[in-house]
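Structure first, then comments.
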Amino acid sequence: MKKPLLFLAVICILTMTSCKNEPSGYIGRSDIRIENGIMTPETLLSLGRLNDPQLSPDGKQILYGVSYTSIAENRSCRNLFLCDVDGGNPVQLTRYAKSVSNARWSRDGKSIRFIQGGQIWEAPVNGNKLGKKVRLSNVATGVSEFKISADESVLIYVSSIKNKAVVQPEDTDPALDKARAYATENLMYRHWDHWVTETPRTYVATLNGNEITLDNSFDILGSDPYELPTEPFGGIEQLDINPQGRYVAYSCRKKTGKDYAFSTDTEIYIYDITTGCEIVIPMGGGYDTDPVWSPDGKHLAWISMARDGYESDRQRLMVADVTFSQEGEGQSFGLEAGNVRELAASLDRDAAGIFWTPDGKGIVFSALTDGVQALYSVNVEGEPAVKRLTKAEWWFDFSSPFAYMDEGDGFKLLTSYSCMNFPVELVSVSVDAGGNASYSPITDENGHIIGQLDEIGQESVLVETVDHQQMQCWVLYPPHFDESKVYPAIEILLGGPQGTNSQDWSYRWCYRLMAQQGYIVILPNRRGTTAFGQAWKEQISGDYCGLNMQDYLCAGRWLKSKPYVGKLACVGASYGGYSAYMLEGIHGDLYDCIISHAGIFDEAALYYTTEEMWFADWDNGGLGRGYLSGSPWSKYPEAVRHYANSPLTKVQQWHTPILCIHGMNDFRIPYTQGMAAFNCAQMMGVPSKLLIFPEENHWILQPQNSLFWHREVFDWLGRWCK
């Protein structure tokens, strides 16, 4: 009897390499053996996940981390690695059983500081080995991230304080320490996947050899009740110390409760460590984030959105001149940020990942462009000329660089990249004086696994939409694709709703994994995607049920018209899950099965139970017209149309087999949305299945849960499409 393709590769699933000197609990690189060149979910989980590269002070080596996963232990562990800048002499520095993160070189390159177990440690680098670690901090509330000034005089770190706006029983009576309840009188009492019982804060400490504690640190925000960095995804990148070690630039939304829930208005502040005084760069509007000082400390760059409440506004690259004027010995310096201006204004794309060139005359950044994440440079002074550095024909997503190296008549950028064929690796991008670029891989962390897989095919196509636009789509083909045969196919419904189907590697919907299971995969960059200009991105707001749904149908019909395509599924998560529910009611007979993960089923119910209200208020038809303009009782026509066309209004047309998946700790889109959709499908007699993960959030993160998720997804696809 022939085995199902999904399980061909799994005899010894994730045997980890080890030696007798490694501590109990250590997780090392997988030595998985793959049969017949077929990728499986077990293969996906065996891949090493590389991130956070750091160039040594002498420019000769790269420090980075890799996480490996054990399905049996249901956890991952991250350790540190070292290689030459060209990828030579790779070595593993640590073999800890407990993950390390935030690893940074000391200024002299003789030691490395990192976080393990919620505290900061330091260990000497002895050639290609890391010596005995010494603890630098003893912070009772723990440390999640840190950053050290260039002169190593001060350190900032992120910890937390209790949020007094969410009261628990033991807060009122210590004897009730076994009771579990949350009491609040304002909004934003939970966020993404947690009840907001604590608030992240950033502290300043002197790096003078003494152990760092809360007693010898001070909170940048003092007694103010705000969060720093901004939740749920903000980290230490929201703060930067100037090269002289005196001023901290930071992004903060100084709002609480209902004001916080309806606003994206973060501002950039500059804080004087010496005096405790600060100034604000008064931009107004929406998000101002990711401040980065220039190498000489005379300029500050950051990312800015113009409109409050619209989290998908264009991400502008801003810069200000920062001046200091000494008022007298022993007194504070006068501080001023002026001549605020936008760089790269001619580029109708979202800037991200600010990196200053060493001379302070230019900035390198990344931007999603026509389906890939490209690297750009822009001048800071004079004519702000914008140049694309990576080529359009390079089908990779390039991250912003972590290092810049002069090369005679040109320069080299050290960065990371990924594509639909492999996860994140390190790469160098060289640009000569004429602007000609080339790239060279540095690492090959997963080559021993990827090299065992049969290759898939890939192309970029243009599909005509109902209004005669040209929509870019990626199409992946199974190994050994033969046009004379018939294959099942999958259409990817993008989340967001503002995002892009780019060359980013995904561990949730892994498109290569789908293709290697024998499916043709199409990824439409429909209305709302961010890599094709602001107008294309912005059209989706207030029109969830409209043109972007037709874009999906156009892509599906285009694919299904091919003689080598048989049955077609559509799958998506978050807004993609909403799209799956919506298409279930309007597709006719285009799709043969549907999967919705963390999808929105009842728009009105979601408005009443989600947490970041600015998102629902703007995108549901309010479009920035003011408070509650996108509410279910709004009279604005876009809002009325939005709620009148919620997926739940079309359940009488449901007939296609559907799998509904949700995590119970998903507070952005509560799990009751998935239950409601499944219940309706059952009542309508539609073949359906409900999959609930009680300990997961918007994503499925635990290894065994992830493996079960993949098995259930491919089982559903195989049942109805193969």
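Everything numeric here is computed off the predicted structure, so don't read it as measured data.
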Salt bridge Arg526-Glu491, side-chain N to carboxylate O under 4.0 Å: no
Gln470, CD atom: more than 12 neighbouring heavy atoms under 6.0 Å: yes
Exam field: side chain Gln673 to backbone Phe601, donor-acceptor pair closer than 3.5 Å: yes
Residues Thr390 and Tyr417: side-chain donor-acceptor under 3.5 angstrom: no
Nearest heavy atoms of Ser706 and Ile700, plus distance in Å: N-CG2, 3.7 Å
Residue from Val713, Val571, Leu476 passing side-chain contact (heavy atoms from CB on, under 4.5 Å) with Met514: Val571
Donor + acceptor pair across side chains of Tyr607, Asp617 (<3.5 Å): yes
Check against side-chain hydrogen bond (donor to acceptor under 3.5 Å, both in side chains), His194 and Asn697: CA-CA 9 Å; His194 64 283; Asn697 56 20; over 6 Å; no
Exercise: do Tyr575 and Asp619 side chains pair donor with acceptor under 3.5 Å: no
Flag for Gln238-Asp290: side-chain donor and acceptor within less than 3.5 Å: yes
is_close_aromatic(Tyr507, Trp699), centroid dist under 6.0 Å: no
Lys/Arg-Asp/Glu bridge criterion (N-O < 4.0 Å) met for Lys254, Asp259: no
Residues forming a side chain to side chain contact (heavy atoms under 4.5 Å, CB included) with Lys567, sequence neighbours excluded: Asp592, Cys721
Within 6.0 angstrom of Tyr671 OH, more than 12 heavy atoms from elsewhere: no
Test side chain to side chain contact (heavy atoms under 4.5 Å, CB included) applied to Thr465 - qualifying residues, sequence neighbours left out: Asp467, Gln469, Met471, Arg527, Asp551
Modelled atom types, side-chain donor and acceptor of Asp397 and Ser502, under 3.5 Å: yes
Student check: side-chain heavy atoms of Ser251 and Tyr287 closer than 4.5 Å: no
Pair Thr530-Thr500, side-chain donor/acceptor within less than 3.5 Å: yes
Glu695, CD atom: more than 12 neighbouring heavy atoms under 6.0 Å: no
Validation row, ring centre Tyr182 to ring centre Tyr189 under 6.0 Å: no
Between His597 and Trp709, a side-chain donor and acceptor under 3.5 Å: yes
Donor-acceptor under 3.5 Å (Ser574 side chain, Gly495 main chain): no
Residue pair Glu464 / His468, side-chain donor-acceptor N/O under 3.5 Å: yes
Test item: side-chain donor near acceptor, Ser631 and Trp633, under 3.5 Å: yes
Flag if over 12 foreign heavy atoms under 6.0 Å of CD, Glu185: no
